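These notes concern the structure reproduced below.
Below, read A as the first sequence line, B as the second, and so on, with proteins coming before strands; counting in each chain starts at 1. Just so we're clear, the structure is a prediction, and the values are computed from it rather than from any experiment.
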Amino acid sequence: MFIYDSVQKKKVLFIPIKENEVKIYVCGPTVYDDAHLGHARSAIAFDLLRRVFIALDYKVTFVKNFTDIDDKIINKMKENGQSLEEITSFYIKRYKDEMNLLHVSDADIEPKATETVVEIVDFIETMLEKNVAYKTSDSVYFDTSKDPKYLSLSHRFIDEDASLARVVQNDEKKDQKDFALWKFTKGNEPSYQASFGEGRPGWHIECSAMIEKHLANCGDFQIDIHAGGADLLFPHHENEAAQTRCKSGQELAKYWMHNGFVTISGEKMSKSLGNSFFLKDALRIYDGEVLRFYLLSTHYRANFNFSEEDLLLSKKRLDKLYRLKKRVYETPCSEVQPTFKQSVLSDLSDDLNISKALASIDEMVANANELIDKNPKDKAFKALIHANLLWLESLLGIIAHDPYMYFQIGVREAEKREIETLIEQRNSAKKEKNFQEADAIRSILEGKNIQLMDTLNGTQWEKVL
RNA sequence: GGCGAUAUGGCCAAGCGGUAAGGCACGAGCCUGCAAAGCUCCGAUCCCCGGUUCAAAUCCGGGUGUCGCCUCCA
């Protein structure tokens, strides 16, 4: 497996800390609002990473956190008069439901910040003891000057005057780069007891504490891979790494992976721009699997410009897989073709090169269709192809539906019966060589976006988007 | 202002020094009563200018465009 490491800034051979095992931590969402396409893309990208490692026979431990205590959540509490719990449990459930529609598996461990407070407090106590953190009137800060490697992750040089001019000045901080580990309570908001003062955790500390709690190794590195969106590299990941380095003497992660953004009309979706395309809205229009396949089909590091037109084009590629599935659906699976499996896995082992993998898959599809055309009764071959498709389902999280149902998504039962009746009428007309009548019926159905196809197994229909 | 990424045929998109994968769209053919589906065939010298090399889309330098990070963010 080769992966692109954001810190080394190049593609490197992945060597696990412990043979045949991989520990992955992904930064999950702050749960105060609905997830948008960017969350989906990140989740799908690293879900693929996880599936590929599993397919390569690694023992995978996959952790994704929920940030469930934060300024924005508190603001929402004040706005809506809801409790913290009410808000976060609502959005966590919605996030997980939506991710499941996208066939993103739940993580093995899904820690919440509020359930990690004890560890966070311990973590900060140790940093205070080690004198790499200090207290001011409102917060406990991390002292970045104590970390000689600070900024080595994001390769940044901070110009004290220019680049931090946009940050609100705080005279109590020793250095503008220093960041809050703990914010003392101002009253009337959720807070936790701590030896250094009642309050709540800052954003960066939870990931370091969670990794230590759930995953940490003894050795140079605590985990194998830390992943997240490209916007997290600085300051979030830089700060996580610094905390852990100064607290435990270990590097947080051996490899760092960052996914590119989803843009709309070439512009990043972001909360401040207010141009977010929420998943709940996308899922009202598009099937989750179609959306997954679309978001999956561009390499995870590249920026992804979302457009409905491209989504529909991408669907056509998925349709072809489903049509092949129809052709082999009645034949029980045998074994995946080794050459096919090997070729797809080797494509994906190259830093998740999905484009290459899809090309290999398309080649398999074309080849399979050709041979089934030539020899429609070759059950042994169909069994192999069926097995290939089933294997792809586990590897990519696609082609999971019944292939007939897939083409009928969004068609109501009554409408289905109506379609079947029209098809029967058309078939009678065809038998009587009344092609005018048959074509007229076909036109009626086409007007309803129903496409007919006469096959050896009778007339089939598909809903066209 | 500082830092970084990227620029490939009509569109999406691989490529990581040896003479441009794949998908969609378009066109032609096979198949079909006709279609649809499926199969086959068909198109680019890679933003510009210099340089390194026997050899560059791929490396280096300089431009130009686009995007991002530096503030919550996947």
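Listed pair N369(A) / A37(B) fails the phosphate criterion, with no side-chain N or O lying under 4.0 Å from OP1 or OP2. Put simply, R323(A) has a side-chain N or O that comes within less than 4.0 Å of OP1 or OP2 on G38(B). Checking the phosphate oxygens (OP1, OP2) of C39(B), a side-chain nitrogen or oxygen of K320(A) falls inside 4.0 Å. Of the side-chain N and O atoms in K315(A), none sit less than 4.0 angstrom from OP1 or OP2 of C24(B). The phosphate of C70(B) has neither OP1 nor OP2 within less than 4.0 Å of any side-chain N or O from K177(A).
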Under the criterion side chain to side chain donor-acceptor pair (under 3.5 Å), I'd like the reasoning laid out for T114(A) against D68(A): C-alpha separation, chi angles, the key distance, then a yes or no.
CA-CA 6 Å; T114(A) 52; D68(A) 64 346; 2.5 Å; yes
Which is it for D47(A) and F62(A) under the side-chain contact (heavy atoms from CB on, under 4.5 Å) test, yes or no, and what are the steps along the way?
CA-CA 9 Å; D47(A) 181 65; F62(A) 191 87; 5.8 Å; no
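Nucleotides U40(B) and C59(B) place their C1' atoms 40 Å apart, quoted to the nearest Å. Nucleotides U52(B) and G61(B) place their P atoms 15 Å apart, quoted to the nearest Å. Of the C1' atoms belonging to U19(B) and A44(B), the separation is 14 Å, rounded to the nearest Å. Look at the P atom in both C24(B) and U64(B): the space between them is 39 Å, to the nearest Å. Between G10(B) and G29(B), the distance separating the two P atoms is 25 Å to the nearest Å. Taking atom C1' on both nucleotides, U8(B) is separated from C54(B) by 26 Å, rounded to a whole Å. C16(B) and A57(B): their C1' atoms are spaced 11 Å apart (whole Å).
N303(A) has its CG atom 15 Å from the C1' atom of C12(B), to the nearest Å. The CD-P distance, from E446(A) to A36(B), rounds to 9 Å in whole Å. A straight line from NZ of K72(A) to P of C72(B) spans 8 Å, rounded to a whole angstrom. Computed from coordinates, the L348(A) CG to A21(B) P distance equals 20 Å when rounded to whole Å. Between the CE atom of M364(A) and the C1' atom of G38(B) there is a distance of 15 Å, rounded to whole Å. Put simply, NE2 on H155(A) is 14 Å from C1' on C69(B), counting in whole angstrom units. Computed from coordinates, the L153(A) CG to C70(B) P distance equals 15 Å when rounded to whole Å. Residue R317(A) contributes atom CZ, which lies 13 Å from atom P of G38(B) at whole-angstrom precision.
Counting heavy-atom neighbours within 6.0 Å of E309(A) CD, excluding the residue itself, gives a total of 12 or less.
With RNA chain B read from its 5' end, the first of the two nearest nucleotides for K9(A) and R426(A) is the one closest to K9(A). Between L313(A) and G266(A), the residue whose closest nucleotide on RNA chain B is further toward the 5' end is L313(A).
Ranking G33(B), G68(B), A21(B) by closeness to the F261(A) side chain, first place goes to G68(B).
Ring-plane geometry between H237(A) and W256(A) is classed as tilted, the angle between the planes lying from 30 to 60 degrees on a 0 to 90 degree scale. Taking the six-membered ring where tryptophan is involved, the planes of Y322(A) and H401(A) are tilted, since the angle between them lies from 30° to 60°.
Below the 3.5 angstrom threshold, one finds no donor paired with an acceptor across the side chain of R41(A) and the base of A74(B).
Ring to ring, H36(A) and F277(A) are not that close: their centroids are 6.0 angstrom or more apart.
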